[in-house]
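We name chains A, B, ... by the order of the sequence lines, and we start the count at 1 in each one.
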Protein chains: 2
Amino acid sequence: MADSVVLDPVDLHLLRVLQNDARTTYRDLAAQVGVAPSTCLDRVARLRRSGVILGHRLQLDPAKLGRGLQALLSVQVRPHRRELVGPFVERIRALPESRTVFHLTGPDDYLVHVAVADMTDLQRLVLDEFTARREVARVETRLIFQQWDCGPLLPPPPPGGAPAGGSPSA
Amino acid sequence: MADSVVLDPVDLHLLRVLQNDARTTYRDLAAQVGVAPSTCLDRVARLRRSGVILGHRLQLDPAKLGRGLQALLSVQVRPHRRELVGPFVERIRALPESRTVFHLTGPDDYLVHVAVADMTDLQRLVLDEFTARREVARVETRLIFQQWDCGPLLPPPPPGGAPAGGSPSA
DNA sequence: TTTGAAATTTGTCTGGT
DNA sequence: ACCAGACAAATTTCAAA
């Protein structure tokens, strides 16, 4: 069920346009991709059903919301057992400051991306919500100078990519 | 221009609903928030103009796109001078595997979140695109077991928050 | 600034190619 | 699978409060 899905060039084109602006109308979508609007509807509905499209998210500016300081917290949880890490993750996820939580390989078990108002707020967060917890063995804080969101997420080209004059299968 | 913006309770309510589903219609939005649809339109347009809302993003499932393996790469760039790091960041941002690039405080200058097809692909990426570059002094790779996106990003409550029975201003 | 209703644009469905 | 057209529903405008 988590396996990958076959996407033809039309699907890819749709996804590429929608990732630039997820509210493009089906009419514009159709014009850009070169199929009829009703076909777009069909395709997009299929992509949602197959789980490729998970949903639509609003992209907000943290600074404009008074959360101008962002940081990454590396957290060691000891002992690293299910009955401890389950509640830990749930608690951290519920913090209004948390943006993303990663469970990682390596010596640092978790990486938490947080957005706070200022340094005072960050200090409070680290002391009260992380190091105060018994299962948290160590927290390392790194501030984020700048962050870039990269291009759209697209499937990798097949290993034996088709060259220009390649394999006429007729 | 990056300063925070005053948001009244209606704006906050709108943002909270839209972050759960950015395609909620203005009609439903109006019903949930308790104002007229045309007011919602006005408010949302204002939020876009003021830069609080940056855009609408499609949320895709990397595994369904054949990118089932994600990792975080910590990168040291030496010497850390503008004429080296500028092109470095641009090159990394342009990689189809890159999802986010962070410039950080601390010994690791950059953290790059990547999505790849498999281990072979990850090895290729690290060797060919990172360690092969002269300015890259060191790369540390950590795999992502699991990742949680956290609740909506909302402004922090004001320091002197209004208590329950507070300040009847009439 | 907000509203309610009119005008316009979109989303959705049906049936045909 | 795709397309075209028709209907329903949503968005957007606008005059008035």
Side-chain angles (χ1 to χ4, degrees), chain A residues 3-61 64-66 152 154-155 158 162 167-170, chain B residues 3-60 64-66 152 154-155 158 162 167 169-170:
Chain A
D3 277 321
S4 73
V5 172
V6 270
L7 298 171
D8 67 17
V10 174
D11 292 320
L12 293 180
H13 201 157
L14 289 172
L15 290 177
R16 214 152 21 205
V17 174
L18 285 174
Q19 281 187 93
N20 287 337
D21 178 5
R23 276 186 56 164
T24 310
T25 65
Y26 287 107
R27 193 162 143 276
D28 289 352
L29 209 51
Q32 290 186 53
V33 174
V35 294
S38 44
T39 304
C40 286
L41 187 77
D42 240 26
R43 294 288 195 130
V44 173
R46 192 194 311 279
L47 289 169
R48 297 196 94 252
R49 273 199 309 276
S50 65
V52 174
I53 295 175
L54 294 172
H56 296 261
R57 289 210 138 184
L58 213 56
Q59 196 187 5
L60 301 181
D61 183 344
K64 288 282 170 60
L65 290 166
L154 289 175
S167 61
S169 57
Chain B
D3 276 322
S4 75
V5 172
V6 268
L7 298 170
D8 67 18
V10 174
D11 292 320
L12 293 179
H13 202 157
L14 289 172
L15 290 176
R16 213 152 22 206
V17 174
L18 285 173
Q19 280 187 97
N20 287 335
D21 178 4
R23 275 185 55 166
T24 308
T25 64
Y26 288 109
R27 193 166 142 276
D28 290 353
L29 210 52
Q32 291 184 53
V33 175
V35 294
S38 44
T39 305
C40 287
L41 188 76
D42 233 31
R43 295 288 194 128
V44 173
R46 191 195 314 279
L47 289 169
R48 297 194 93 257
R49 273 198 309 275
S50 65
V52 174
I53 295 175
L54 295 171
H56 295 261
R57 287 211 145 183
L58 212 55
Q59 196 187 4
L60 301 181
K64 287 283 169 60
L65 290 166
L154 288 176
S167 58
S169 58

inquiry  = For a quick check, tell me whether the side chain of A:Ser38 and the base of C:dG11 share a donor-acceptor pair closer than 3.5 Å.
reply    = no
inquiry  = Rounded to whole Å, how long is the line connecting atom CZ of B:Arg27 with atom C1' of C:dT9?
reply    = 17 Å
ask   = Rounding to a whole Å, what distance do you find between B:Asp21:CG and D:dA10:P?
value = 14 Å
task = Name all residues meeting the side chain to side chain donor-acceptor pair (under 3.5 Å) criterion together with B:Arg43; count only those two or more places apart in sequence or in a different chain, and write none if there are none.
result = B:Asp8, B:Asp11
remark   = In short, the helix from C:dT1-D:dA17 to C:dT17-D:dA1 is bent end to end, axes from five pairs each side, to 10°, by 30°
key: Interatomic distance where CG belongs to A:Leu41 and P belongs to D:dC3 [whole Å]   = 13 Å
remark   = Here the pair of heavy atoms bringing B:Leu29 nearest to B:Thr24 is N-CG2, 3.9 Å
query = Run the side-chain contact (heavy atoms from CB on, under 4.5 Å) check on A:Leu154 and B:Leu60 step by step: do they pass?
reply = CA-CA 9 Å; A:Leu154 289 175; B:Leu60 301 181; 5.8 Å; no
request  = Return the minimal non-hydrogen interatomic distance between B:Gln32 and B:His13, and the atom names on each side.
outcome  = O-CE1, 3.5 Å
request  = Between B:Asp28 and A:Asp42, name the one whose nearest nucleotide on DNA chain D is closer to the 5' end.
outcome  = A:Asp42
key: Minimum-distance nucleotide to B:Thr39 side chain [options: C:dT12, D:dT11, C:dT2]   = C:dT2
ask   = Looking at C:dT10, C:dT2, D:dA1, which one has an atom nearest to any side-chain atom of A:Thr25?
value = C:dT10
inquiry  = Taking atom CZ as the centre, does B:Arg16 end up with more than 12 heavy-atom neighbours from other residues, nucleotides or ligands that are less than 6.0 angstrom away?
reply    = yes
task = State, to 0.1 Å, how close A:Ala22 and B:Arg57 come at their nearest heavy-atom pair, and which atoms those are.
result = CB-C, 3.9 Å
task = In whole angstrom, give the distance that lies between atom CG of B:Leu14 and atom C1' of C:dT2.
result = 14 Å
Residue closer to the 5' end of DNA chain C, B:Gly34 versus A:Tyr26 (nearest nucleotide) = B:Gly34
inquiry  = Tell me whether B:Ser50 contacts the main-chain N or O of B:Arg46 through its side chain, where contact means a donor paired with an acceptor under 3.5 Å.
reply    = yes
inquiry  = With a cut-off of less than 4.0 Å, is there a side-chain N or O of B:Arg43 near OP1 or OP2 of C:dT2?
reply    = yes
task = Could you state the atom-to-atom distance from CG of A:Leu29 to P of C:dG11 in whole Å?
result = 9 Å
ask   = Can you find a side chain N or O atom of B:Arg23 that sits less than 4.0 Å from OP1 or OP2 on D:dA10?
value = no
remark   = To the nearest angstrom, the CG-P distance between A:Leu7 and D:dA1 comes to 13 Å
